[in-house]
Amino acid sequence: MNRALLVIDMQRGFDDASFWGATANPDCEANVARLIDAWLAGGEPIVVVRHDSTSPDSPLHPDSPGNALVEPVAAVAADLFVRKQVNSAFYGDVDLHAWLGGRGIRDVVLCGIQTNMCVETTARMAGNLGYDVTVALDATRTFDQSAEIAGLGSVTRTASELMATTALDLQAGGFARIVATDALLDARDQE
């Protein structure tokens, strides 16, 4: 098949609300599981990506129990497993671009955590590399953010606002098509 599902950073450490803060989209994990089931049923390749933080205090550090994948993802015998320490799945310990290219895969569907970080960065890079990129937005989630920004002062965005901004940036910028899981699965059923 010419389409791969990229499941990005679905790790137990993201359930640590005391570390990450408030989140949006409680249906993320269930929608990721639905996508995995559809890909398995269709015999299409699944790429699982895990973030191995270099910060010893991070719940995603390899020595932390939070580094582990959530159950629906951990149970999958992935066609490719990528470990990374940066935002893009294309910069991991396996050359994702070479692996996809070697199999003639030009379509990628992304899901996972965080919408506006690793999912967005991977989508942008995939778009720049010439892939047909789809992001199942409701199979992603992120967290509220606040920071002091030079020239802007204190800036705060909710997780829902960040998800909407990411969707707008990716689709309007031509990097990816944004879809809901139901619509994506319905389209697959009609193929």
Among V108, D107, T134, which one satisfies side chain to side chain contact (heavy atoms under 4.5 Å, CB included) with R3? D107
Do I8 and I113 touch side chain to side chain, with heavy atoms closer than 4.5 Å? no
If you compare all heavy atoms of Q114 against all heavy atoms of W20, which two are closest, and at what distance to 0.1 Å? NE2-CZ3, 3.7 Å
Drop me the distance from S55's OG to Q85's CD, to the nearest 0.5 angstrom. 11.5 Å
Heavy-atom pair with the smallest gap, counting every atom of V32 and A139: CG2-O, 3.4 Å
For W39, ring pair (Phe, Tyr, Trp, His ring centres under 6.0 Å) partners two or more places apart: none
So, the side chain of N31 versus the backbone of A136: is there a donor-acceptor pair under 3.5 Å, distance only? no
Single-linkage hydrophobic cluster L5~V94, side-chain heavy atoms < 4.5 angstrom: no
Would you check if there is a donor-acceptor pair between the side chains of T158 and D144 at a distance under 3.5 Å? no
Heavy-atom side-chain proximity of Q145 to E161 below 4.5 angstrom: no
Might you work through the side chain to side chain contact (heavy atoms under 4.5 Å, CB included) test for F14 and R141, ending with a clear yes or no? CA-CA 10 Å; F14 281 117; R141 69 181 173 105; 3.9 Å; yes
Where is the tightest heavy-atom contact between V135 and A123, given as atom of each residue plus distance? CG2-CB, 4.0 Å
Spacing of CG belonging to N87 relative to CE belonging to M117, to within rounding of 0.5 Å: 7.0 Å
Take V47 and W99 through the test side chain to side chain contact (heavy atoms under 4.5 Å, CB included) and record every step on the way to the result. CA-CA 10 Å; V47 176; W99 186 86; 3.7 Å; yes
Check: D16/S18 side-chain N/O donor and acceptor closer than 3.5 Å: yes
May I ask whether V86 and V119 are part of the same hydrophobic cluster, defined by side-chain heavy atoms of I, L, V, M, F, W, Y residues being less than 4.5 angstrom apart, directly or through others? yes
Residues V48, L69; criterion side chain to side chain contact (heavy atoms under 4.5 Å, CB included); working and verdict: CA-CA 9 Å; V48 172; L69 299 167; 3.7 Å; yes
Measuring from D63:CG to H61:NE2, what's the distance to the nearest 0.5 Å? 5.0 Å
Heavy-atom nearest pair, M125 first then S88, reads SD-OG, 3.1 Å
Tracing side-chain contacts under 4.5 Å among Ile, Leu, Val, Met, Phe, Trp and Tyr outward from V155 reaches I149, L152
Closest non-hydrogen atom pair between L185 and A38, with its separation: CD2-CB, 3.5 Å
What about L184 and L170, same hydrophobic cluster or not, with Ile/Leu/Val/Met/Phe/Trp/Tyr joined at side-chain heavy-atom distances under 4.5 Å? no
State whether the side chain of Q171 and the backbone N or O of I178 hold a donor-acceptor pair below 3.5 Å, judged by distance alone. yes
Quick check: is I105 connected to L40 through a chain of hydrophobic side chains (ILVMFWY, heavy atoms under 4.5 Å apart)? no
Is there a side-chain contact between L168 and T166 in this structure, where contact means two heavy atoms from C-beta onward sitting under 4.5 Å apart? no
Measure the CG-SG distance between D9 and C118 for me, rounded to the nearest 0.5 Å. 4.5 Å
Side chains of H97 and Y131: closer than 4.5 Å at any heavy-atom pair? yes
Taking every non-hydrogen atom, the tightest pair across A22 and A159: O-CB, 4.3 Å
Side chain to side chain, D138 and C28, heavy atoms closer than 4.5 Å: no
Given 3.5 Å as the limit, does a donor-acceptor pair link the side chain of T122 with the main chain of A89, or not? yes
Separation between CG (L96) and CG (L6), nearest 0.5 Å, reads 5.5 Å
Can you find a heavy atom in the side chain of K84 that is under 4.5 Å from one in the side chain of R50? no
For residues Y91 and V133: do they belong to one hydrophobic cluster (side chain heavy atoms under 4.5 Å, members Ile, Leu, Val, Met, Phe, Trp, Tyr)? yes
Calculate, to the nearest 0.5 Å, the distance between atoms CG and OG1 belonging to N25 and T115 respectively. 7.5 Å
With a 4.0 Å cut-off, would you call D132 and R106 a salt bridge? no
Is any side-chain heavy atom of D79 less than 4.5 Å from a side-chain heavy atom of E44? no
Please list all pairs meeting salt bridge (charged side-chain N to carboxylate O under 4.0 Å, His left out) that have one or both residues in residues 23-39, counting only residues at least two apart or in different chains. R34-D182
Give a yes or no on whether the backbone of P62 and the side-chain of D52 come within a donor-acceptor separation of less than 3.5 Å. no
Indicate yes or no: at least one non-hydrogen side-chain atom of R157 is less than 4.5 angstrom from one of T165. no
Around F81, counting heavy atoms of other residues, nucleotides and ligands shown, do more than 12 lie under 6.0 Å from its CZ? yes
Are R188 and D186 close enough for a salt bridge, meaning some N to O gap below 4.0 Å? no
CA sep, side-chain torsions, deciding dist, call: V7, V49, side chain to side chain contact (heavy atoms under 4.5 Å, CB included): CA-CA 6 Å; V7 181; V49 181; over 6 Å; no
Got a donor-acceptor contact below 3.5 angstrom from the T23 side chain to the F143 backbone? no
